[in-house]
Amino acid sequence: MLSSEYKIEDVTLFFDKIYKRENMTNEPSEQKKQNVNMEKSVSEPAKKTGAEKDPGNELLVHFDITVPRQEIERQIEEVAQHYSADMKLPGFRKGNVPVDIVKKRYQKAITDEALNKIVEHHIYEKIKQDKLKIASRPMIEKLEYQDGTDLKANVVIEVFPEVVSPDLSKVEVKLAKKDMNLEPFDEEKQIQSVLERNKRRKPVKDRAVKDDDILILEIQSKFMDTKRMSKKKELTYTVSRDSDSDIIDLFPEVISKNLNDQVVFTRAYPADYSRKVWAGKTIEHHIQIKNIFELIQPEFNAEFLKTIGFEDEKTFKEKLRQEYDQYQQSQKEEKINSLIVDQLTEMVDFPIPRTIVEQELVRIQSQHAPLLAGMDEKKQKEYLDSLIQDIEKNIKYSLIFDAIQKESKIEVNNDDLEKEYKVISERNNFPLAEVRKYYQKSEEKEKLKDSLLRIKLMNHIREKAKIREG
């Protein structure tokens with residue numbers, strides 16, 4: 001399955017990142033032979049024909065490969081030697097089983113593995129040779145091979161489209177007056193918002209569970225097919241119809257219950273449920289309410305201000321106004337950026353790889369499984385149609401941004417990262433050394449670089465575009 005990343009800088013690295021070699025068994029299935037992953041091997045070049053695009057889908061590329069029988073025989077011999085080196089059979093010491101016996105005993109497994117390696121290698125070479133930016137796993141439509149003959153294979157693969165960077169000087173957006181100004185600053189309302197965000201938990205013992213309570217639940221789950229009971233575990237749950245929970249429709253089972261109440265109920269989980277261990281299963285949940293908390297808003301006084309880092313009321317209110325002004329400006333900037341993205345996706349037309357769309361849809365569906373489970377068929381369809389539109393739009397503007405980046409040669413360097421480390425340190429009142437240490441993790445560093453690159457690209461676009469207000 002493809003990663004959700006759309007930026008392709010180097011097809012070889014992208015391929016290695018996305019597709020991991022499958023473990024070969026002694027008896028590979030036909031499907032495994034045709035689910036091709038790439039791995040370099042030493043062999044002579046096979047005959048390849050030029051890649052051709054599918055007239056019905058310009059992102060589908062078809063090509064053929066032909067591998068001489070001599071190369072196949074050498075690969076079979078190499079695999080057999082590898083088997084022999086690790087094999088132990090009665091009457092022979094480990095590693096001393098004659099190759100001929102190995103080949104005879106495991107002929108099908110050895111041949112399958114040799115063919116898989118050969119096909120993998122030559123498809124990999126074809127992808128490199130033609131500089132294909134792949135969007136799907138290569139699939140073998142047809143494979144012809146008999147002992148003592150050349151191998152012939154027909155391969156199909158979906159690729160990313162060639163995207164031309166748009167003329168940014170033609171980008172023109174107008175920000176309507178209603179989007180330029182938010183509500184006027186209301187000091188009392190903003191103070192209430194701060195108090196709301198700083199509510200504190202207070203234990204509840206003398207009333208039933210109600211909306212917005214926080215519960216500590218002790219949960220055990222029984223698999224109805226095997227009667228196996230899971231270990232007890234604790235779950236923190238905010239009481240709301242919209243709360244996310246692994247357990248489908250938990251809200252009606254706990255609302256109006258009391259401390260230490262126990263409830264037992266059954267749920268049937270769909271086959272594609274996000275919690276894999278429950279997927280396709282009927283589960284009987286046993287729940288006990290161990291704690292109930294309500295959220296209490298603090299009083300606005302000097303003691304409270306000290307808990308959030310302010311020595312006096314004046315300083316707090318000045319900071320409140322400053323942050324509100326910054327928020328207004330950021331909302332305005334986000335709206336402009338959104339209008340630019342909308343226009344860019346309309347200016348440039350190209351097909352979107354269906355593989356990426358389908359993969360993203362599966363990923364998001366899995367994350368939203370509890371939400372979808374509570375919808376009827378019509379609402380599910382409307383929701384999924386909306387998701388697909390959003391996915392297609394996100395993929396499209398991501399590919400357009402990549403094209404703009406390639407043309408503009410805008411990059412994120414170490415100085416950019418260092419400046420951002422300092423901003424993060426100051427904003428969060430966190431030691432700079434600790435911020436640097438955190439972002440030494442390659443995954444977090446790449447996320448930050450990608451975020452900074454998007455900001456630099458958007459600034460570049462805005463410099464070229466015409467932006468009008470009012």
Side-chain angles (χ1 to χ4, degrees), residues 175-216 236-244 255 259 290-339 416-439 444 447-448 451-452 454-455 458-459 462 467 469-470:
L175 190 64
K177 283 186 178 181
K178 65 181 179 65
D179 296 318
M180 290 173 58
N181 298 302
L182 301 177
E183 298 177 25
F185 178 70
D186 183 331
E187 185 178 89
E188 184 58 35
K189 186 176 179 179
Q190 294 305 312
I191 290 174
Q192 286 301 313
S193 178
V194 171
L195 294 175
E196 184 71 20
R197 293 197 301 270
N198 284 274
K199 283 183 173 180
R200 293 155 190 177
R201 290 185 181 187
K202 177 184 176 183
V204 172
K205 296 183 179 179
D206 57 356
R207 66 162 174 81
V209 173
K210 64 180 185 179
D211 273 325
D212 299 324
D213 282 346
I214 296 174
L215 307 182
I216 305 298
T236 302
Y237 175 68
T238 300
V239 181
S240 168
R241 290 188 183 278
D242 300 325
S243 284
D244 287 333
I255 193 72
L259 187 65
K290 303 293 288 185
N291 295 100
I292 305 173
F293 297 97
E294 60 181 338
L295 293 174
I296 302 297
Q297 186 171 291
E299 291 185 26
F300 182 68
N301 52 30
E303 183 181 349
F304 167 71
L305 290 175
K306 286 181 181 179
T307 66
I308 59 172
F310 291 92
E311 292 298 323
D312 58 77
E313 187 174 321
K314 181 183 176 184
T315 306
F316 167 74
K317 289 182 175 179
E318 287 174 352
K319 182 68 172 176
L320 202 61
R321 179 60 192 253
Q322 179 188 353
E323 289 187 349
Y324 186 78
D325 291 342
Q326 290 173 347
Y327 171 73
Q328 275 197 316
Q329 185 61 29
S330 69
Q331 289 295 101
K332 178 180 168 182
E333 297 301 312
E334 283 183 21
K335 183 62 181 177
I336 291 172
N337 292 348
S338 177
L339 291 170
D416 296 322
L417 287 171
E418 188 60 30
K419 286 177 185 176
E420 189 63 16
Y421 294 158
K422 289 177 182 176
V423 169
I424 294 170
S425 171
E426 291 170 6
R427 185 192 304 138
N428 296 281
N429 194 25
F430 206 68
L432 180 58
E434 291 298 315
V435 174
R436 286 198 192 102
K437 183 179 178 181
Y438 175 80
Y439 283 104
E444 297 304 324
K447 285 180 184 177
L448 182 61
S451 175
L452 293 176
R454 297 288 159 173
I455 292 170
M458 183 56 78
N459 290 340
R462 291 180 61 153
I467 300 169
E469 298 180 2

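Excluded from the calculations below are hydrogen atoms, water molecules and symmetry mates; all remaining heavy atoms, backbone and side chain alike, are included.
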J.: For Arg321, give me all partners under side-chain hydrogen bond (donor to acceptor under 3.5 Å, both in side chains), at least two apart in sequence or on another chain.
T.: Asp325
J.: Counting distance only, does the side-chain N/O of Thr238 pair as donor-acceptor with the main-chain N or O of Ile214 below 3.5 Å?
T.: no
J.: Measure the CD1-CD distance between Ile467 and Glu333 for me, rounded to the nearest 0.5 Å.
T.: 8.0 Å
J.: Look only at the side chain of Ser338 and the backbone of Lys335, and say whether a donor-acceptor pair between them is shorter than 3.5 Å.
T.: no
J.: What residues form a side chain to side chain contact (heavy atoms under 4.5 Å, CB included) with Asp213, not counting sequence neighbours?
T.: Arg207, Val209, Lys210, Leu215, Val239, Ile292, Glu294
J.: What do the steps show when you test Glu420 against Val435 for side chain to side chain contact (heavy atoms under 4.5 Å, CB included), and what is the final call?
T.: CA-CA 10 Å; Glu420 189 63 16; Val435 174; over 6 Å; no
J.: Of all heavy-atom pairs between Pro431 and Ser425, which one has the smallest distance, and what is that distance?
T.: C-OG, 3.9 Å
J.: Quick check: closest heavy atoms across Ile255 and Asp211, and the distance to 0.1 Å?
T.: CD1-N, 3.7 Å
J.: Excluding sequence neighbours, so at least two apart, what forms side chain to side chain contact (heavy atoms under 4.5 Å, CB included) with Ser193?
T.: Arg197
J.: Taking only residues two or more places apart in sequence or in another chain, which ones pass side chain to side chain contact (heavy atoms under 4.5 Å, CB included) with Leu417?
T.: Val412, Asn414, Tyr421, Lys445, Leu448, Lys449, Leu452
J.: What residues form a salt bridge (Lys or Arg N to Asp or Glu O under 4.0 Å) with Asp312, not counting sequence neighbours?
T.: none
J.: Answer yes or no: does atom CD of Gln326 have more than 12 heavy-atom neighbours from other residues, nucleotides or ligands under 6.0 Å?
T.: yes
J.: Return the set of residues passing ring pair (Phe, Tyr, Trp, His ring centres under 6.0 Å) with Phe185 (not counting sequence neighbours), or none when no residue passes.
T.: Tyr324
J.: Check Glu313 against Leu305 and note the closest heavy-atom contact, atom names and distance.
T.: CA-CD1, 3.7 Å
J.: So, for Val204 and Leu259, which heavy atoms are closest and what is the spacing to 0.1 Å?
T.: O-CD2, 4.4 Å
J.: Test side chain to side chain contact (heavy atoms under 4.5 Å, CB included) on Lys199 and Ile296 and set out the steps.
T.: CA-CA 5 Å; Lys199 283 183 173 180; Ile296 302 297; over 6 Å; no
J.: Listed by chain and number, what are the salt bridge (Lys or Arg N to Asp or Glu O under 4.0 Å) partners of Arg436, not counting sequence neighbours?
T.: Glu418
J.: Return the set of residues passing salt bridge (Lys or Arg N to Asp or Glu O under 4.0 Å) with Glu318 (not counting sequence neighbours), or none when no residue passes.
T.: none
J.: Run the side chain to side chain contact (heavy atoms under 4.5 Å, CB included) test against Thr307 and tell me which residues pass, sequence neighbours left out.
T.: Arg200, Phe304
J.: The criterion is ring pair (Phe, Tyr, Trp, His ring centres under 6.0 Å); which residues satisfy it with Phe316, sequence neighbours excluded?
T.: Phe300, Phe310
J.: Is there side-chain contact between Ile424 and Tyr438, with at least one heavy-atom pair below 4.5 Å?
T.: no
J.: My understanding is that only residues two or more places apart in sequence, or in another chain, count here; which of them pass side-chain hydrogen bond (donor to acceptor under 3.5 Å, both in side chains) with Glu187?
T.: Lys317
J.: With sequence neighbours left out, what residues match Lys189 under salt bridge (Lys or Arg N to Asp or Glu O under 4.0 Å)?
T.: Glu183
J.: Inspect the surroundings of CG in Asp186 and state if more than 12 heavy atoms from other residues, nucleotides or ligands are less than 6.0 Å away.
T.: yes
